[in-house]
Protein chains: 2
Amino acid sequence: MNYEFHLKARIRLSGEIEDEVLRELEDPVKERINKGVPEGRGVSKIEMRADGTGIELEILSDRYLRAHDALLRIRKILSQELGKRRVGLRGIEIRDYTITMDESLNVRLKVPFIKEMRSANGKTTLKLDVGETEIEKRIPDRILNLIEEKKRAKEYGSKSEHWELVFESKKKDFKYNGDPTEEMIKRHWIKHGSCRGQWIYGPQITKLFRTFEKIVIKELLEPLGYHEMIFPKLVSWDVWKRSGHAKAIYPEIYYVCTPKTRDPEFWEDVMDYYKVTHEIPVELIKEKIEGPIGGMTYAQCPPFWVFLQGRTLPDDVMPIKIFDRSGTSHRYESGGIHGIERVDEFHRIEIVWIGTPEQVIEEAEKLREGYRRIFEEYLDLQWREARVTPWFMAQEGLTETHENKSVGTIDFEGYLPYKQNWLEFQNVSVNGDKYPKGFSVKLQSKKDLWSGCSGIGLERWAAVFLAQKGFNLDDWPEKLVKEIRELPEVFRFL
Amino acid sequence: MNYEFHLKARIRLSGEIEDEVLRELEDPVKERINKGVPEGRGVSKIEMRADGTGIELEILSDRYLRAHDALLRIRKILSQELGKRRVGLRGIEIRDYTITMDESLNVRLKVPFIKEMRSANGKTTLKLDVGETEIEKRIPDRILNLIEEKKRAKEYGSKSEHWELVFESKKKDFKYNGDPTEEMIKRHWIKHGSCRGQWIYGPQITKLFRTFEKIVIKELLEPLGYHEMIFPKLVSWDVWKRSGHAKAIYPEIYYVCTPKTRDPEFWEDVMDYYKVTHEIPVELIKEKIEGPIGGMTYAQCPPFWVFLQGRTLPDDVMPIKIFDRSGTSHRYESGGIHGIERVDEFHRIEIVWIGTPEQVIEEAEKLREGYRRIFEEYLDLQWREARVTPWFMAQEGLTETHENKSVGTIDFEGYLPYKQNWLEFQNVSVNGDKYPKGFSVKLQSKKDLWSGCSGIGLERWAAVFLAQKGFNLDDWPEKLVKEIRELPEVFRFL
C-alpha cells in the first residue's frame with residue numbers, strides 16, 4: 001500500500017521573526033530534512049511562512065519519511081537555529097493532517113484521534129485529530145499499523161488458526177462411552193459452584209487431580225530439575241501490557257476492582273442497605289469501587305516475570321526451570337452448561353523454563369518425551385500432537401505462525417469417545433524472546449535469552465482420561481491405580 | 001427501649017362498600033387482631049373508614065404487635081370477610097408510618113425507606129417511607145434491628161474484640177532478631193508482585209511453605225482422616241449472603257466484574273485504543289463490564305458449602321473431615337508496605353469438619369493438640385493461644401462472644417522478636433450451626449448439625465518461624481531440616 005502524507009501546522013515561538021530570518025532558516029531545513037532517506041523519496045515539499053510569533057508550515061511526504069516524523073525533525077532543526085537568535089519554540093499546533101492510501105479499505109478503527117476516514121475509487125483518505133503530544137507518542141504510526149493489521153485480518157479472516165499434525169499415539173481400547181461430567185454429577189464427585197462455569201470438586205476427583213500432579217512431579221519435574229515457585233494470581237494491567245495480553249483478551253477477563261477506601265463509614269450505606277433489604281446494592285457498590293486494576297489469572301506465567309523484571313542474570317544459572325500450581329485461572333467462556341472440559345475457573349500446573357535458544361528448544365523436547373511416557377504408561381491415552389499458532393500470538397488475536405520456525409506451540413489433544421472429537425488438554429510452547437524482551441530481562445553475556453512454558457490443565461487431563469477409561473478402577477492402568485491407591489468415599493446424600 | 005407504632009394506610013378494593021358493611025367487618029378485625037398477644041398489649045386503637053372503593057385505616061400499637069404486622073393481619077381478615085361479599089383487595093398504600101422510641105439515639109441509618117429520623121428530649125421519632133412490598137419483606141423490622149445494633153455498637157464501641165489467654169508455650173531461644181521480609185528481599189527469596197500487598201515467592205520460601213504443608217498433612221490431616229477437596233475461588237454474592245459476610249466485608253473485598261458480552265466487536269474500541277495509545281482505557285472498560293458479581297476468596301470455606309447446600313446427610317457419614325489448598329485468598333488491607341505477615345494476597349490450607357456438636361468440639365481439640373505437637377517438635381516456636389470473638393462474628397462486624405460457650409475461635413499467636421509483639425498465625429474455630437443453617441444442610445435424624453474450620457496461613461507460619469529462627473539452617477529444628485532437606489538455589493542476579 002502506498003501512502004501520501006499531507007500535514008499543516010503552526011509552530012508557536014517566544015518572539016516575532018521576520019520573513020527574512022525565515023528565509024535563512026529554510027536552507028538548513030531543506031538540507032537536513034531528508035537525511036538518510038533514499039534519493040528522491042521522503043519529503044517532497046516544505047512551505048514555511050512567518051506569521052507574527054509563529055511559523056505556518058506545510059509538509060508533503062511519502063512513507064520513507066512520514067510528515068509527522070519530518071515535523072519532529074524540523075522542530076529540532078528550528079530549535080537549534082532559532083536558539084542562536086534567542087528565540088524559543090513554544091509548541092506546535094497541528095491544523096490539518098491528511099494521509100491518503102492508494103487502496104479502498106473496508107476497515108473501521110474505533111479510536112479517538114481520527115476525524116474522518118473515507119474510502120472510495122481505490123483511495124482511502126484519513127484525517128487525523130492529533131497534537132504534538134500524540135505525534136511524540138507515535139500515535140499516527142500505531143494508527144497506520146492497526147489499519148494494516150485489520151486489513152490483513154480481513155484478507156485472511158476466514159483462515160483459521162494454524163494446525164498441523166506432528167504426532168499420533170497408537171489407537172487405544174476405550175472402556176467407556178459416556179460423558180464423564182454427567183457421571184461425576186450423578187456420583188456426587190462434583191457439584192456446580194455458585195458462579196458460572198465453576199465446579200466444586202469432591203474428594204474422589206481431587207484425589208485424581210493430585211495423583212496427576214504427583215506423577216508429573218515424580219516422573220517429569222524432579223528428574224528434569226524443576227523447582228516450585230508461587231506466582232501471583234491477581235494480574236495488573238502492567239503485566240498484561242508487557243505480556244501482550246492487553247491487546248486482545250478483554251472479552252474473556254474476570255475484571256478486578258478495589259474499594260475506593262477501607263473507611264467503614266464510606267461503606268455504611270451499603271452495609272445498612274444490605275442489612276435492611278437482604279439484597280446487595282450492586283449499583284451503589286459500583287460507585288464505590290475503583291476501576292478495574294486488572295483481572296484474575298488468565299495465562300498463568302505472565303505475573304511470574306515481574307520476579308525477573310529489569311534484571312540481568314549470569315549465563316551459568318541457565319537454564320532456569322520452575323513451575324507453579326498455587327491457584328486458579330479464570331476465563332469468561334461462552335455461556336451455557338459445559339462439562340469440566342470447558343470451565344471458567346480451572347486448575348493448572350504451569351511449567352516455565354528460560355535459557356539460550358538451544359537450551360529452551362532442547363528442554364521443550366524433553367518435556368514432550370516425558371509427557372508421552374506419562375500418557376502411555378500411567379494413563380494409556382489415545383492422543384495426538386499438533387503444531388499450532390503460538391499461544392501467545394493466539395491470545396493477542398493473531399492466527400499466523402512465528403517467523404522463527406523454532407518458536408511455536410505444540411498442542412496435545414486427547415480423544416473423547418462420547419463426543420467423537422478431540423480435546424486440547426495441554427501444550428508445550430517455545431516462546432522465543434517474547435517474555436525476556438517484554439519484561440526487560442537480560443543475560444550477562446548479552447546473548448539471546450528465550451523462554452518456554454507448558455500448561456497442564458488438571459480438568460482437561462481428567463476429562464480425557466475419564467472419557468476414555470470410565471469409572472471402573474479395574475479398567476484403569478495398573479501404574480495409575482498403584483499411585484492413587486483408592487478413591488475416598490466421604491459424603492453420601494439422601 | 002419502648003416503641004410506639006402509628007400507621008395510617010388506605011386499602012384499595014375492587015368495588016365500593018357501604019359504611020354499614022364496614023361496621024360489620026370491624027367486629028372480626030377487633031376480635032382477631034391481638035390474637036396471641038399478652039392481655040392489654042398489642043394494638044390499642046384501630047380506626048376504619050369506608051372511602052369509595054377503599055378503606056382508610058389507622059393503627060396504634062406497641063412492640064407486642066407492631067402496627068405493620070397488625071396491618072398484614074387485617075389484610076388477611078378483610079380478604080376473607082370481603083371475599084364472602086365478592087369484593088377483592090387491590091393493594092395497600094401506606095400514608096404515614098411513624099415509630100416513636102422512648103430514648104434519644106445518636107445513631108444514623110443510611111438507607112432509603114427512612115423519610116425522617118429525629119432525636120430530642122429523650123425521644124426518637126422515625127418516619128418510614130415504605131409500601132406494602134417493604135412490609136411483606138419485613139423492612140421495618142430490619143430497620144429497628146439495625147437501630148438496636150448501632151445503639152449497642154455505640155455503647156460498647158470502645159470495647160475491643162474479645163481476647164482471653166488460654167495457653168502459653170514454653171519460652172524459646174530466639175536465634176534471630178531481624179525482619180524476615182527484609183532479609184528475604186535481600187536474598188532474592190521474594191519480590192514484590194505488580195499489585196498491592198502481593199509477593200512472588202521464589203524456590204526457597206516456596207519449599208518452606210510446601211514443607212509446612214507436608215508436615216500438616218502427614219502429622220495431622222492423614223492421621224485424623226481428612227480428605228482433600230477443591231473449593232471455588234471466585235465467590236458470588238449468594239455465598240456471602242448465606243455465610244453472613246455480606247453484612248460487613250465491603251471495605252476489604254477484591255471485587256470481580258464480568259464482561260457484558262464476549263462479542264469481540266463490542267470490545268473493538270478498547271483494543272483499538274490500547275493498540276494506538278499503549279494505555280488501558282479504564283473508564284471505557286468500566287462501561288463495558290457488569291457490576292460486581294462478588295469477589296475473590298476472602299474466607300476460604302464459605303464457597304465449599306454450596307456442595308452441601310439444600311441437602312440431607314445420613315448421620316453415619318459424620319463427622320465429615322475435609323481440607324482445601326487450591327488457591328489464593330485476597331483482602332484489601334491497609335496501604336503502605338508490609339512484610340509477608342500482612343498481605344493482600346495470601347495462601348492458606350483451610351480445614352473443615354462437620355458433625356454433631358460433640359463431634360465438632362472433640363475434633364477441634366484434636367486439631368489443637370496436633371498443632372501444638374507440630375509447633376513444638378518441628379518448628380520449636382514460642383506461641384500462645386487465646387479465645388477470641390468467633391471469626392465469623394468478627395467478619396460480620398461483631399465484637400462479642402457467642403451465647404454458646406462451646407462456639408468460638410482460638411487464635412494461635414506467635415512471637416516476633418524483631419517487633420517485640422505477637423502475630424496471629426492461625427486459628428481453630430467451632431462455628432456452631434452457623435453454616436449448616438445458612439446453607440440449609442440437615443442431618444437425617446434432624447439432630448443438630450455443627451461445623452468447625454481452621455485456617456493455616458502459610459505466610460504467617462513462615463513469618464513467625466523465620467522471625468524466631470532466622471536463616472541459618474543449623475539453627476533450625478532437626479526434624480524440620482530432615483523434611484526440607486535443602487533449599488534450592490535457582491536464581492542469581494548481577
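We name chains A, B, ... by the order of the sequence lines, and we start the count at 1 in each one.
Of the two parts of A:L284, neither the backbone nor the side chain holds a non-hydrogen atom closer than 4.5 Å to a non-hydrogen atom of chain B. For a residue to count as touching a neighbouring chain, one of its non-hydrogen atoms must lie under 4.5 Å from one of that chain's; by this rule A:E345 touches chain B with the side chain only. For A:Y250, the parts lying near chain B are the backbone and the side chain together; criterion is any non-hydrogen pair under 4.5 Å. Proximity to chain B (any heavy atom under 4.5 Å) is restricted, for A:I285, to the side chain, taken from C-beta onward. Residue contact with chain A, scored on non-hydrogen atoms closer than 4.5 Å, involves the backbone and the side chain of B:S334 alike. Neither the backbone nor the side chain of A:E134 comes within contact range of chain B, judged by heavy atoms closer than 4.5 Å. Proximity to chain A is absent for every atom of B:I249, based on heavy atoms less than 4.5 angstrom apart. In this structure, chain A has a heavy atom under 4.5 Å from the side chain of B:Q198, while its backbone stays farther away. Heavy atoms of B:K260 lying under 4.5 Å from chain A are absent altogether. In this structure, chain B has no heavy atom under 4.5 Å from any part of A:K288. The contact between A:L146 and chain B is made entirely by side chain atoms (from C-beta outward), counting heavy-atom distances below 4.5 Å. Residue A:H330 touches chain B through its side chain alone, counting heavy-atom pairs closer than 4.5 Å. Interface residue B:E333: backbone and side-chain heavy atoms are both found under 4.5 Å from chain A. If you measure heavy-atom distances from A:F266 to chain B, you find no contacts under 4.5 Å at all. Contacts of A:E287 with chain B are absent, with no heavy-atom separation under 4.5 Å from either backbone or side chain.
The candidate from B:V270, B:I293, B:V235, B:D344 with the greatest count of non-hydrogen atom pairs under 4.5 Å with chain A is B:V270. Among B:F304, B:F209, B:W237, the residue making the largest number of heavy-atom pairs under 4.5 Å with chain A is B:W237. Interface check for chain B: of the options A:R196, A:E290, A:M296, the most heavy-atom pairs under 4.5 Å are formed by A:M296. Each of A:K150, A:K207, A:K321, A:Q309 has some count of heavy-atom pairs under 4.5 Å with chain B, and the biggest count is that of A:K150. Among A:W199, A:Y201, A:W267, the residue with the largest count of heavy-atom pairs under 4.5 Å with chain B is A:W267. Of the listed residues (A:E283, A:H188, A:H227, A:E228), the greatest number of heavy-atom pairs within a distance under 4.5 Å of chain B belongs to A:E228. Taking chain A as the reference chain and counting heavy-atom pairs below 4.5 Å, the highest number among B:D141, B:D238, B:I320 is found for B:I320. Contact count versus chain B (heavy atoms, under 4.5 Å) is highest, among A:V239, A:I253, A:I190, for A:I253. When the candidates A:H347, A:E489, A:H278, A:H192 are compared by the number of heavy-atom contacts under 4.5 Å with chain B, A:H278 comes out ahead. Contacts with chain A were tallied for B:I139, B:T328, B:L308; B:I139 has the most, counting heavy-atom pairs under 4.5 Å. Among B:P112, B:S326, B:G327, the residue making the largest number of heavy-atom pairs under 4.5 Å with chain A is B:S326. Between chain A and the residues B:S194, B:P232, B:G193, B:P292, the most heavy-atom pairs under 4.5 angstrom are made by B:P232.
Counting only heavy atoms from C-beta outward, the side chains of B:T258 and A:Y254 approach each other to under 4.5 Å. Here the side chains of A:W240 and B:I280 are not in contact, with every heavy-atom distance at 4.5 Å or above. Annotation: side chain of A:F491 is in contact with side chain of B:I322 (closest heavy-atom distance under 4.5 Å). With a 4.5 Å cut-off on side-chain heavy atoms, A:I230 and B:R210 count as touching. By the 4.5 Å heavy-atom criterion applied to side chains, B:E149 and A:K275 are counted as neighbours. The closest side-chain heavy-atom distance from A:P259 to B:P251 is not below 4.5 Å. When side chains are defined from C-beta on, A:P314 counts as touching B:L494, because their heavy atoms get closer than 4.5 Å. Side chains of B:F113 and A:T277 form a contact here, defined as non-hydrogen atoms less than 4.5 Å apart.
Contact record, A:V111 with B:Y273: CG1-N, 3.5 Å, taken as the closest heavy-atom pair. Nearest approach of B:F307 to A:I200, heavy atoms of both residues: N-CD1, 3.4 Å. Contact record, A:E279 with B:K137: OE2-NZ, 3.2 Å, taken as the closest heavy-atom pair. Closest heavy-atom contact between B:V306 and A:K191: O-NZ, 2.7 Å. Heavy atoms only, all atoms of each residue included: A:V317 and B:V490 are closest at CB-O, 3.9 Å. Shortest non-hydrogen contact noted between A:R492 and B:L313 is O-CD2, 3.2 Å.
With hydrogens and angles disregarded, no donor-acceptor distance shorter than 3.5 Å links the side chain of B:E268 to the backbone of A:K110. A donor-acceptor pair under 3.5 Å is absent between the side-chain atoms of A:D272 and the main chain of B:L109, judged by distance alone.
To the nearest 0.5 Å, atom CZ of residue B:F231 and atom OG1 of residue A:T206 are 9.0 Å apart. For the atom pair NZ (B:K286) and OH (A:Y255), the distance works out to 13.5 Å, reported to the nearest 0.5 Å.
With respect to the salt-bridge test (charged N to carboxylate O, under 4.0 angstrom), the residues B:R108 and A:E265 qualify. Between A:R262 and B:E252, at least one side-chain nitrogen of the basic residue sits less than 4.0 Å from a carboxylate oxygen of the acidic one, meeting the salt-bridge criterion.
Heavy atoms of other residues, nucleotides or ligands lying less than 6.0 angstrom from NZ of B:K442 number 12 at most.
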